[in-house]
Amino acid sequence: MSDYVSLENLTLAYGKSVAVEWLNLGIRKGELIALLGPSGCGKTTTMRAIAGLLSPKSGKISIDGRDVTRLAPSRREVGLVFQSYALFPHLSVFENVAFGLRLRREKDLEAKVMAGLATVGLTDFAKRMVPDLSGGQQQRVSLARSLVMQPKVLLLDEPLSNLDARLRLEMRSELQRVQKETGITMVFVTHDQSEALALADRIVLMRDGVIEQLGTPEEIYNTPVSGFAADFMGFETILPDENGGGLAWRPGAVVLGQGPHRGEVRGASFAGERREYVLSSDLGVIKADVPIGRDTYAIGAKVAFDLPRDAAVPLARFR
Amino acid sequence: MNSRLSTWLILGLTLTFLIGPFLIIIAAALSAGNNLAFPPQGLSLKWFIKVFEIESFRASFGVSMFLAIFGTLVALILGVPAAYAMTRYNVPGAEFVKLIVSSPIIVPGIIVGLALLRYFVIPLGIGIAPALFLAHTALILPYAVRVVSASMDNLRVDMEEAALLLGCTRFGAFRRVVLPNIRGGILAAFILGFVTSFNQVPVSLFLSGPGIRTLPIDMIAYMEINYDPSVAALSALLAFMSIAIVFAAERFIGLSRYV
């Protein structure tokens, strides 16, 4: 199956500093892709290159079989929902959504704008001015403004990071619903692994301008390839093995109270169904979760612990 | 209680020094006598009427208005793109350009005027009128660049990028998104430029000649020969005009947010 969006040997730089190097990525039609990684890993840069806001140093970008590498942003049929929403404050909600349609001189403007606002549940807000809206509402206007243009690809920059916890859940399901209804290909950038896991069909984990791992949420969560990927996916204890690889344990896989290793409890906190311990040991800092009902340990106590081999996830690379 | 008294005292003195001269001028202008004097000798509006009968005031008012309006417009036509370029692109030497652009407000006006006359107008044989126009445009340019830059700084770049992605060209994004959002800054720059140009004396002093004088220069010339209250009446009228402009600007766009 051929790729709908493809990035080939893409190298991106700001002046002399290279942000993304030799990146290859294929995205299928209708797929929801997350670009995941810590800040400075090149995820936003990659997204800006797809949008055409940054021209690549070398490499090729194509969308729906068309080479868009040298095409202006306005001609790529790509939508972008900015982290800051980037709405036009001098225009009403209606005019914001109508902005691109007016430039295209589309017919049935009003119907299309109202349909766009209906998709995000804001039909009653058409006449409002942008500064009068809440952050969540502004984001939905921004989403509608991009969606009415029927872009081939919709890019979203940290779509959930400026929202509070409750709105974040709401927006998450909103994005899933919109994607299901429109079947649009979406690429979103995030530094939050739980967002990527919850939303994406596939995750592109990036590190220092290259792809560290590419896979479904299950693959990346269960079988990280490296210490970096494991660390990002919540493995707290990562130890090298004899041949350059490593072993990784989640806090729940560490056994306290028995085993060959000794550690001292440095931190203990209650977290509902479990207690979370932090130990210092010869193996470094160990984090261990113990279900409620088991033995408890005081800070300063010396504890035996075990890192069971069969509960460990093997890593191809330690770093 | 004591500190309260001193607060009122300081406030009173400040207001006296700020508004006092203005009140004295209005009072002097309302005089019925023939000399510029305070307190006025009797009350009358005749000097306010006289102002409009003096031919040279009418001509020089026209010159000053023309300079203030069109000089400011040209300064904005040059200054807005300059401000845009300096805030949006990494222009090499942008700081240096800013300094050069600001130099007419840093260098004393007397020197600017003399230098223009001695090294620009005389050797190059440029007429007084275009030189006066250029000088006023140059004097207003710093205000145009600075005030517009300030409102451009407050405008997020991603708004323009959003416009690009929605189908605008770079120029289209500037016209449809940037301009409407810096409208207030441009209007503020226009008013500042207008007032600066209209009240300009030192530079205009060197660039005046027969038949071409700005109003303030004409008023000085008039006073050297006639010492009557018409100059006070004119000053009062000009002050009211400035107040009206600033008041209208504050009322409609909130001028104080920009300057």
Side-chain angles (χ1 to χ4, degrees), chain A residues 14-15 44 47-54 68 71-92 95-106 116 129-131 138-139 141-158, chain B residues 76 80-81 83-95 147-190 249-258:
Chain A
Y14 294 104
T44 305
M47 187 199 68
R48 289 175 63 82
I50 298 174
L53 298 172
L54 178 76
V68 299
L71 218 54
S74 54
R75 313 192 52 199
R76 292 193 178 194
E77 298 178 68
V78 166
L80 173 51
V81 177
F82 289 82
Q83 186 174 9
S84 64
Y85 320 136
L87 296 176
F88 308 131
H90 62 295
L91 298 176
S92 66
E95 285 303 325
N96 263 279
V97 178
F99 190 89
L101 297 175
R102 276 195 199 285
L103 287 171
R104 276 195 204 155
R105 298 174 205 288
E106 289 215 13
M129 292 306 280
V130 168
Q138 291 194 19
Q139 179 159 52
V141 175
S142 187
L143 184 61
R145 185 177 67 176
S146 292
L147 283 175
V148 292
M149 299 294 286
Q150 299 186 310
K152 290 186 164 157
V153 184
L154 182 64
L155 308 169
L156 303 115
D157 189 7
E158 300 275 2
Chain B
L76 281 171
V80 172
Y84 182 79
M86 284 193 281
T87 49
R88 285 295 182 268
Y89 300 100
N90 223 341
V91 189
E95 283 309 307
V147 175
V148 175
S149 292
S151 59
M152 205 92 80
D153 278 335
N154 291 330
L155 197 68
R156 300 190 53 111
V157 183
D158 49 21
M159 237 187 264
E160 283 165 67
E161 294 177 341
L164 292 182
L165 282 159
L166 291 168
C168 278
T169 58
R170 278 224 159 259
F171 181 72
F174 178 77
R175 194 167 62 83
R176 285 167 202 276
V177 174
V178 178
L179 267 189
N181 283 298
I182 59 166
R183 206 170 41 194
I186 289 177
L187 205 53
F190 184 88
E250 182 61 49
R251 182 79 182 72
F252 294 115
I253 61 162
L255 181 68
S256 48
R257 275 189 295 146
Y258 299 98

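Residues A:S74 and B:C168 approach most closely at CB-O, 3.6 Å, considering heavy atoms.
Interface residue B:A163: backbone and side-chain heavy atoms are both found under 4.5 Å from chain A. In this structure, chain B has a heavy atom under 4.5 Å from the backbone of A:L87, while its side chain stays farther away. Of the atoms belonging to A:A51, heavy atoms from both backbone and side chain fall under 4.5 Å from chain B. The parts of A:R145 that come within reach of chain B are both its backbone and its side chain, each placing non-hydrogen atoms under 4.5 angstrom from that chain.
The neighbour count for A:R104 CZ, taken as heavy atoms of other residues, nucleotides or ligands under 6.0 Å away, is above 12. Other residues, nucleotides and ligands contribute over 12 non-hydrogen atoms within 6.0 Å of the CD atom of A:E95. Within a 6.0 Å sphere centred on CZ of B:R88, heavy atoms belonging to other residues, nucleotides or ligands number more than 12.
Atom CZ of A:F88 sits about 9.0 Å away from atom CG of B:N181, to the nearest 0.5 Å.
A 4.5 Å side-chain heavy-atom check between A:Y85 and B:D158 finds every atom pair outside the cut-off. Considering only heavy atoms from C-beta on, A:P89 comes within 4.5 Å of B:M159 through its side chain. Side-chain contact check for A:P73 versus B:E161: every heavy-atom pair is 4.5 Å or farther apart. Looking at B:L165 and A:L155, their side chains never come closer than 4.5 Å, going by heavy atoms from C-beta outward.
With chain A as the partner, the residue from B:L164, B:L155, B:L166 showing the most heavy-atom pairs under 4.5 Å is B:L166.
Side-chain atoms of A:H90 come within 3.5 Å of backbone atoms of B:R176 as a donor-acceptor pair (strictly under, hydrogens ignored).
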